[in-house]
Every structure is written in C-alpha cells, then in structure tokens.
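What follows is one structure encoded as structure tokens, with my remarks underneath.
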Amino acid sequence: MTSLAEAIAEYPGAQSYRPGDAPALNAEIIGLIRSGAKTVSCEAWSVFDDGLESLPEVGRVDIVLSWDGTAACATQTEKVEKVRFCDVTAEMVPPQGEFKDLEHWRAGYQAYMTRAGRFHQNAPMMVETFRLVRDFGDHKDV
C-alpha cells in the first residue's frame, strides 16, 4: 500500500480525494479508473464552493484515495467544465464508466446528491476529464 504522504511526495502539489460516499462505491469507481473505463467524473460544484474539496485544475496530478485513505491511483486533469445537472447530455455519460445511459446517470447522481443535501435540477456540476497516470495498487506508471 502507498500512503498519501508517499504519493504526494511523488507528485508535489497534488490534491487528494476519496470518490463515492460508501466503501463499495469507492471501490467500484477506483476499479473503473484503473481499467480505463472511467475518464470523466462529476461532483456538485457546491462541494468546491464550500471548500470541502479542491477544484481540479487542468494539468495537475491528483491522488485518488481508497476508502481507508491509502493512495489508489494518480490522475491528471485534462479538462474541467461547469454544467448544470439538467444540461448533462447522453454523450457525457459513457466516459464516466459506471452508468448505462443518461437516465441511469440522472437517477444515480440525484440519489448521491440528495444524500449529501445538494440536489436540485439546476445544480451546477463540476465535470472533470482526466487520465490515469499511476496505479499505486500495482506500483506501475500507465
């Protein structure tokens, strides 16, 4: 296992985040990132406005954390967009990996954002396109 401190030492300036709001979802998302099926992620923009997470920055490498706080992988941000929940299109869904279509995405994100008290149809969403640069699970660069 790679500690967060070790990962940040390797990628100075990296921020870290733990995807998902439960261990199973966290593991699913990390598996999709590692497999290359997930190259886009979304989050309510209000999470960043509230200072709960650092907004991704184009070019920056960030550390994706496993549920236990260890470094799972490193990703590099390629694009960040602000898109209202209601304006997310069917074309934006497949690169997220875990959804079969737009209806499935809407249901999943509505449930996720409702659990966090952040859902409304016009909620601004952060849509990040990224690439995997390191899988700490098997200690190899990709």
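Note that the coordinates shown come from a computational prediction; the quantities given were computed from them, not determined experimentally.
Using a 4.5 Å heavy-atom cutoff, the side chains of Val40 and Met92 are not in contact. With contacts defined as side-chain heavy-atom distances shorter than 4.5 Å, the pair Phe130/Asp62 does not qualify. The shortest distance between side-chain heavy atoms of Asn122 and Cys86 falls below 4.5 Å. By the 4.5 Å heavy-atom criterion applied to side chains, Pro95 and Thr129 are not counted as neighbours. Phe99 places none of its side-chain heavy atoms less than 4.5 Å from the side chain of Arg106. With contacts defined as side-chain heavy-atom distances shorter than 4.5 Å, the pair Tyr17/Thr75 qualifies. Between Arg118 and Asp50, the closest side-chain pair of non-hydrogen atoms falls below 4.5 Å. Looking at Phe136 and Ser66, their side chains never come closer than 4.5 Å, going by heavy atoms from C-beta outward.
Of the residues Tyr112, Trp45, Phe119, the one that meets the ring pair (Phe, Tyr, Trp, His ring centres under 6.0 Å) test with Phe85 is Phe119.
Nearest approach of Ile63 to Ala74, heavy atoms of both residues: CD1-CB, 4.1 Å.
No hydrogens or angles considered: nothing links the side chains of Arg60 and Thr77 as a donor-acceptor pair under 3.5 Å. In the model, Tyr109 has no side-chain atom that pairs as donor or acceptor with a side-chain atom of Glu43 under 3.5 Å.
Atom CD of Glu103 sits in a sparse spot, with 12 or fewer heavy atoms from other residues, nucleotides or ligands closer than 6.0 Å.
The distance from the CD1 atom of Ile30 to the OG atom of Ser35 is 12.0 Å, given to the nearest 0.5 Å.
Salt bridge present: Glu98 and Lys38 bring a charged side-chain N and a carboxylate O closer than 4.0 Å. Using a cutoff of 4.0 Å between basic side-chain nitrogens and carboxylate oxygens, Asp68 and Arg18 are not scored as salt-bridged.
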